[in-house]
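Just below is one structure, and these are the notes that go with it.
Chain identifiers are assigned alphabetically (A, B, ...) following the order of the sequence lines, protein sequences preceding nucleic acid strands; residue numbering begins at 1 within each chain. Note that the coordinates shown come from a computational prediction; the quantities given were computed from them, not determined experimentally.
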Amino acid sequence: MIKVHNLHKSFGEIQVLNGIDEHIEKGEVVVVIGPSGSGKSTFLRCLNLLEEPTEGEVYLDDVQINAPKADINTIRAKMGMVFQHFNLFPHLTVLENITLAPVKLKKMTKEEAVAKAKELLNVVGLPDKADAYPSQLSGGQKQRIAIVRALAMDPEVILFDEPTSALDPEMVGEVLDVMKDLAKAGMTMVVVTHEMGFAREVGTRLLFMDEGVIIESGNPREVLENPQNERTQSFLSKVL
Amino acid sequence: MDFNTWFEGIKNTFLRCFVAEERYMLLLEGIGVTIKVALLAIALGLVIGFLIALCNLSKSKPLNIIGKIYTDVIRGTPSVTQLMIIYFVVFASVSLEKWIIASFAFAINSGAYVSEIIRAGILSIDKGQTEAGRSLGLNAKQTMFSIVVPQAVKNIFPALCNEFITLIKETAIVGYVGLMDIQKAGDFIKSATYEAFMPLIATAIVYFVLIKILTVTLGKLEARLRKSDMR
């Protein structure tokens with residue numbers, strides 16, 4: 001579903017990604033871990049071109065998305081994204097946050113979008129927050145709304161950029177639960193996170209990144225319990 | 001001099017200044033002119049300001065240069081000079097009503113200041129907002145107009161109000177191109193009656209009341225804009 005070939009990204013002089021080749025299949029829950037500065041967020045952001053790769057190709061369903069002629073907006077509509085800092089639109093209500101894109105992009109009528117939004121709000125346990133503004137919500141609630149906002153577009157894959165890193169500890173669980181349910185429902189997910197428990201329990205594959213390359217990849221349990229690479233071992237010994 | 005003669009004197013001056021020869025009409029008509037010129041200038045100034053702000057924020061070098069030159073030239077020259085150049089040079093051979101040409105001059109002037117306010121407002125919105133919009137598949141324009149601009153407007157509202165107030169007061173120079181606004185009316189009464197105090201104080205009061213009405217109205221509007229901030 002997502003294919004990445006020889007991906008490089010540099011910011012000026014600083015080389016962040018040093019040649020990544022990766023293939024993500026439909027239905028996979030790929031968890032990306034690694035020390036800070038290893039390029040995991042940049043890798044994720046290259047997948048929907050929030051960062052423009054300096055070299056290499058990214059494909060979604062065999063269409064090269066970083067080709068000059070690619071219709072990036074149509075492609076992004078198929079790839080949801082959930083951010084560390086939620087990035088809800090503060091001037092809109094929860095319902096408007098969720099329905100804005102589907103209605104603007106003529107994916108649904110207003111009525112359909114509202115019905116879908118309410119259904120999704122139910123699923124994440126926030127049916128009574130439709131008319132609230134983001135400033136009235138807790139961090140965990142904001143992130144659940146952000147997930148709903150991404151889901152409202154019926155994406156083929158959702159990219160999660162450290163979705164629980166900005167949350168108070170007691171709110172991490174409620175967001176991870178929503179993500180677990182999504183994974184069980186068969187959603188393709190790419191998750192950059194520090195939640196090793198989530199990686200072990202929900203991930204179908206774990207990628208360990210360091211210095212802009214993927215160093216180790218495999219079944220999360222196996223990698224976490226029996227890392228092969230020295231750098232993976234040293235990183236895991238510090239975080240586990 | 002007792003109180004009665006003093007009061008009688010004041011009353012006579014007042015009558016001579018404003019009632020005799022229906023001179024209050026001069027002031028009333030002046031208010032009309034000031035409001036007309038200011039309103040059109042505010043509206044056009046907002047449009048110009050927004051366009052120049054987009055030029056300055058754009059990635060295109062030529063647009064940047066246009067925006068930069070515009071703001072530089074306007075901010076670097078007095079508004080009276082600009083008004084007279086627009087009126088006597090640029091629009092010299094165009095048959096438009098005087099007040100409309102004057103409005104153009106003030107709009108061109110105000111646009112430069114408004115553009116800086118709008119630019120700062122747009123830059124003040126977190127990059128994550130744009131990223132969230134784009135990640136949903138909205139294009140740059142849709143993201144700008146449904147996500148960034150509404151939030152920016154709220155942030156820059158007080159600064160824009162200041163600019164509007166400055167602009168209204170700035171229109172007091174339209175007498176230079178022969179328009180009878182509030183200031184010119186007061187000045188005219190002063191010359192006609194050889195009284196300085198009353199006409200000039202009246203001029204000040206009229207401006208003050210106009211601007212007070214504007215600030216109260218804008219204050220109410222701002223409170224409504226802030227609705228989504230309430231907890």
In terms of heavy-atom proximity below 4.5 Å to chain B, should A:L159 be classed as side chain, backbone, both, or neither? neither
With chain B, the option among A:R45, A:Q84, A:R76, A:K104 that has the most non-hydrogen atom pairs under 4.5 Å is A:R76
Cut-off 4.5 Å, heavy atoms of chain B, and the answer for A:F89 is both
Tell me, please, whether A:Y59 has A:K3 positioned over its six-membered ring: NZ or CZ under 6.0 Å from the ring centre and within 45 degrees of its axis? yes
Under a 4.5 Å heavy-atom cut-off, does chain B meet the side chain of A:M79, its backbone, both or neither? backbone
Which region of A:R149, side chain (C-beta onward) or backbone (N, CA, C, O), has a non-hydrogen atom less than 4.5 Å from a non-hydrogen atom of chain B, or is it both or neither? both
Do B:K184 and B:F188 form a cation-pi contact, if we require the NZ or CZ to be under 6.0 Å from the six-membered ring centre and within 45 degrees of the ring's axis? no
So which of A:N87, A:L49, A:N48, A:N73 has the biggest tally of heavy-atom pairs under 4.5 Å with chain B? A:N73
Please say which of A:K116, A:E112, A:K118 ends up in a side chain to side chain contact (heavy atoms under 4.5 Å, CB included) with A:V114. A:K118
Is the gap between the ring centers of B:Y87 and B:F106 under 6.0 Å? no
Hey, does A:R205 have a side-chain heavy atom less than 4.5 Å from the side chain of A:E28? yes
